[in-house]
Every structure is written in structure tokens, then in C-alpha cells.
Amino acid sequence: MATVTLKDVNKWYPGNIRAVADFSLAVKDGEFVVLVGPSGCGKSTTLRMVAGLEELSGGTIVIGNRIVNDIPPKDRDIAMVFQNYALYPHMTVRENMAFGLKLRKFPKAEITSRVEEAARILGLDTLLDRRPKALSGGQRQRVAVGRAIVRKPSVFLFDEPLSNLDAKLRVQMRTEIIRLHARLGATMLYVTHDQVEAMTMGQRIVVMKDGVVQQVDDPISLYDRPVNRFVAGFIGTPPMNFVEGHLMRQGERLMFDGGSGIHLPVPHSAKEKLAAYCDKPVTLGLRPEDIGSAAAESASEGRIRATVDVVEPMGSESYVYFRTPQTLLVSRVDAHRTFMPGQEATPAIYVDKAHFFDPATEKRIG
């Protein structure tokens, strides 16, 4: 396996279009790192530059101890798994998995050994003589992963490999790739636009927007302490609620005033950091589970006045949308809690979990 280091990597396209801006990242040997962000944020372009499929406009990429800027893809000791599987339709599973090794003139016995080992790992033993058209989407994706495994590369690169699968298969394949990483101890770079995939798979996550890295962190830190409003809103399902308002003093307390129905105390732990924003506008961020849930009820120091707008049953939980005169807030509550559309409600707010952002810079305060 190997480390991967990107230093001040840039990518410009004709027309002065900057797809990736000053991207820097150090991936440890054996680490699973996920690049996530909306379409067009530069994550796939970054992965393709690591693979050598896109030229750099500036910066340096190091795999292991080699600067690979000018090294062709076949000599970088990487293996890439694509979104569209990229299997040869006229070849069997065995032939697809063996093809790269044959091109590199590996001995037949070693090719057979590697293919059969990969097939065992991925549960493809009984499918080796089938052609791709006789396989399901999930089976085809496992073949594509198997073709990468037999190479025994230093680095695995995954470019949105699960986006063509249905929801159930995506969950299954996520688990299989996590298990595969644990078994191989391989260095993996994984690109996705799905923040659920990112949170469940990555040891560290790189959040990108408009070609710029917004935050690099482990999943829990990313969720609990987003550095700005974009990261806060992108990570989490349903996304974080945002309320515009301002801070004001009320006796010894610092209060957030978000207009009619939203008047909440600032948590004591954040009072010092927010003191400089007294009488100034701020943006309040609230996770759905911190509004109206059992945890919010038990830990609350504040409530809002609202009307239940919509209730979405999700099985074990429900998404409840509370409307105030200024905004609509979504909460995530236990399905057995009863809320009815049109009902007047005063849901509890877990104020110790509240986030605050500067409206001008959109950066987290504190």
C-alpha cells in the first residue's frame, strides 16, 4: 500500500474555468478517504488527476515516494473503479477480471490464483463463466471491484461506483466495500455526491464546494462541528435548519431572537464566543433531531411556538415540519410521538446543540 499526497493541486479548463483550486490533502497508508460534494464541485476531477486521466494545471501529486505528475496512468500502481462498471460485454467474468493481468504478461498460474482469490472475497465464485449481460447491477459492480483487486495496487480509486444501483443494493455494496477495506488494509480514495455514503464509509471525509476544500475531518467531528454553513447544511439528513436573527441581552442572559415564536437562550458554553455578536445579526443552525425529540425534551432550555405543517412517517421515526411566521423547521422525532397537521405546538429545542454562524462570512462562530 502507499500514501497519497496532493499539494496545491489546481485544474483549469479553457475559458478560464477553475475546476479545482489549491487542493491539498495527505492520505495515510491504508486510510479510507471520501471526497464528497454536490455535482460540479471538482471531486471527480481531483480523483482523475490522481489517476493520471486528467493533467494538472498546477501543484504536485505524490503516490508513495514518487511524484507522479508526469507518469502515465498504467505506471502509477493504482486501480480505478468507475460508475458505469466498464466491463467488456464479450468477455466472461473470469476474462474481465484477468484482462489487466494478461496485458502485463503475468504467468497464467498467478492470474488464475489472483482471479479465484478475488472471486472468493467478493462472492463471485459461481459467476466466473457468465458474461456481464447475465449479471445484476450489483454483481457487475463486484466484478469491477474484483478487476481492481487482482491488480493488488498501492491505491484504489472509486468514482461514484454505487450511483447506478438501487437503494437496497447501494446499502449492501457499501457494507461490502467497507469490509473489503478492512480485509485488504488498502489505501482508498472514494468519490460520491451522497453524504450518507460519505458518513458511513469514510474514516475521513473531504467536503468540497466549487473546487475548494471546505473541511477535512472524521464523520462525527464533521457532523458535530461543521466549519461553515455549507458543510452544516450539506452533511445530515434531513439537512440542518437555519434561522436568521440577532443576539440580544436579557438580564444576565444572551438570547437569540429569530422573530415571532423563536426566542431562545444561548447555551452557556457558547456565551463567551458569541458575546461579540450582541445586537448583531447571526444565523442559528438546528439539527432536526434537536427539535421536538425526546432528547430535546429532556435537555431543553427553550421552546418555539409553531404550527405543525406536514408529518412524514418514515417507519421508526417521523419528519415533522413546524411552521413559524418566519420560517419552516424540520424535526426528526420518534414515530410514536403524535403530531397532526394544523396542530399548534411548542416543540422543545436542545439549545446546547445549537450552532451559530456569521451571516456575512458563513463561518461557524466559535
Side-chain angles (χ1 to χ4, degrees), residues 32-39 41 43-44 47-48 51 79-100 115-151 153 155-184 186-203 205-207 219 234-239 312-317 319 332:
F32 195 129
V33 173
V34 178
L35 278 60
V36 67
S39 297
C41 72
K43 56 190 183 295
S44 287
L47 195 77
R48 289 173 65 83
M80 193 159 181
V81 179
F82 296 92
Q83 176 181 348
N84 62 357
Y85 319 136
L87 302 178
Y88 296 105
H90 63 287
M91 293 184 183
T92 64
V93 169
R94 187 190 305 276
E95 290 166 340
N96 266 285
M97 292 171 65
F99 187 70
V115 168
E116 290 181 353
E117 180 186 9
R120 281 195 302 273
I121 291 172
L122 295 168
L124 296 170
D125 315 58
T126 61
L127 306 176
L128 288 172
D129 295 320
R130 291 191 191 180
R131 286 185 167 80
K133 67 180 180 181
L135 303 176
S136 68
Q139 289 167 339
R140 291 178 193 178
Q141 193 55 274
R142 287 207 297 273
V143 175
V145 173
R147 186 176 52 194
I149 290 175
V150 298
R151 293 267 310 281
V155 179
F156 287 84
L157 307 177
F158 294 86
D159 189 10
E160 304 216 35
L162 309 185
S163 59
N164 287 340
L165 304 180
D166 63 42
K168 185 176 180 180
L169 269 177
R170 279 203 303 273
V171 173
Q172 180 184 334
M173 282 301 300
R174 281 206 312 256
T175 303
E176 290 188 15
I177 292 174
I178 293 168
R179 191 180 296 124
L180 179 67
H181 174 257
R183 180 167 183 169
L184 299 179
T187 304
M188 293 184 176
L189 270 173
Y190 187 105
V191 160
T192 181
H193 65 273
D194 185 337
Q195 55 94 10
V196 175
E197 269 183 39
M199 292 290 284
T200 54
M201 298 178 76
Q203 293 173 322
I205 300 171
V206 181
V207 182
F234 189 80
I235 299 296
T237 304
E312 295 180 343
M314 304 295 290
S316 63
E317 60 186 15
Y319 298 162
R332 193 169 72 206

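Computed from heavy atoms alone, side chains included, the values below leave out hydrogens, waters and symmetry copies. Since this is a predicted model, take the numbers as computed values, not measurements.
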Sequence neighbours excluded, the answer for salt bridge (Lys or Arg N to Asp or Glu O under 4.0 Å) partners of R147 is none
Is it the case that the side chain of R170 and the backbone of L162 share a donor-acceptor pair, with hydrogens and angles ignored and the cut-off at 3.5 Å? no
Checking the side chain of R94 only, and the main-chain atoms of L128 only, is there a donor and an acceptor separated by less than 3.5 Å? no
Output side-chain donor-acceptor pairs under 3.5 Å for residues 193-200, partner residues at least two apart or in another chain, one line each.
residue, atom, partner, partner atom, Å
H193, ND1, E160, OE1, 2.6
D194, OD1, V196, N, 2.8
D194, OD1, E197, N, 3.4
Q195, OE1, G236, N, 3.1
Q195, NE2, G236, O, 3.3
Q195, NE2, T237, OG1, 2.3
E197, OE1, Y190, OH, 2.8
E197, OE1, T192, OG1, 3.1
T200, OG1, R174, NE, 3.2
T200, OG1, V196, O, 2.8
T200, OG1, E197, O, 3.2

Show, in sequence, the C-alpha distance, side-chain angles and deciding distance for M80 and R48, and conclude whether the side chain to side chain contact (heavy atoms under 4.5 Å, CB included) test is met. CA-CA 9 Å; M80 193 159 181; R48 289 173 65 83; 4.2 Å; yes
Heavy-atom side-chain contact between P132 and Y85 under 4.5 Å: no
Which distance, rounded to the nearest 0.5 Å, do you find between the CG of L87 and the OG1 of T92? 11.0 Å
Applying side chain to side chain contact (heavy atoms under 4.5 Å, CB included), run through I177 and F32 and close with a yes or a no. CA-CA 10 Å; I177 292 174; F32 195 129; 3.8 Å; yes
Work out which heavy atom in I205 is nearest to a heavy atom in P219; give both atom names and the distance. CD1-CG, 3.9 Å
Supply the atom-to-atom distance M188 CE to Q203 CD, rounded to the nearest 0.5 angstrom. 10.0 Å
Any sub-3.5 Å donor-acceptor pair from K43's side-chain atoms to G37's backbone N or O? yes
Using only atom types and a distance under 3.5 Å, with no angle test, would you say the side chain of N96 pairs donor to acceptor with the backbone of M91? yes
Could you pull out all residues at least two apart from Y88 that satisfy ring pair (Phe, Tyr, Trp, His ring centres under 6.0 Å)? F99
Looking only at heavy atoms, what is the nearest atom pair of L157 and A51, with distance? CD1-CB, 3.6 Å
May I ask you to decide if S136's main-chain N or O and Q139's side chain share a donor-acceptor pair within less than 3.5 Å? yes
Find the distance between CG (D166) and CE (M173) and round it off to the nearest 0.5 Å. 12.0 Å
Verify side chain to side chain contact (heavy atoms under 4.5 Å, CB included) between L127 and V143, making sure each step is shown before the conclusion. CA-CA 9 Å; L127 306 176; V143 175; over 6 Å; no
CZ-CG distance between R179 and L184, expressed to the nearest 0.5 angstrom: 12.5 Å
L169 and G138: which non-hydrogen atoms are nearest, and at how many Å? CD1-N, 3.7 Å
Who pairs with A79 by side-chain contact (heavy atoms from CB on, under 4.5 Å), at least two apart in sequence or on another chain? A148, R151, P153
Is the closest side-chain heavy-atom distance between F158 and L47 below 4.5 Å? no
Quick one: does K133's side chain get under 4.5 Å of P89's, heavy atoms only? no
Rounded to the nearest 0.5 Å, what separates atom CZ in R140 from atom CG in N84? 11.0 Å
Evaluate the side chain to side chain contact (heavy atoms under 4.5 Å, CB included) criterion for residues V93 and M97: first the C-alpha distance (whole Å), next the side-chain angles of each, then the deciding distance (0.1 Å), finally the verdict. CA-CA 6 Å; V93 169; M97 292 171 65; 3.7 Å; yes
Please, which pairs that meet side-chain hydrogen bond (donor to acceptor under 3.5 Å, both in side chains) have at least one residue in residues 117-132, sequence neighbours excluded? none
How close do A118 and I149 get, heavy atom to heavy atom, and via which atoms? CB-CG2, 4.0 Å
Interatomic distance, CZ@F156 vs CG@L180, rounded to 0.5 Å, equals 6.5 Å
With sequence neighbours left out, what residues match S163 under side chain to side chain donor-acceptor pair (under 3.5 Å)? Q83
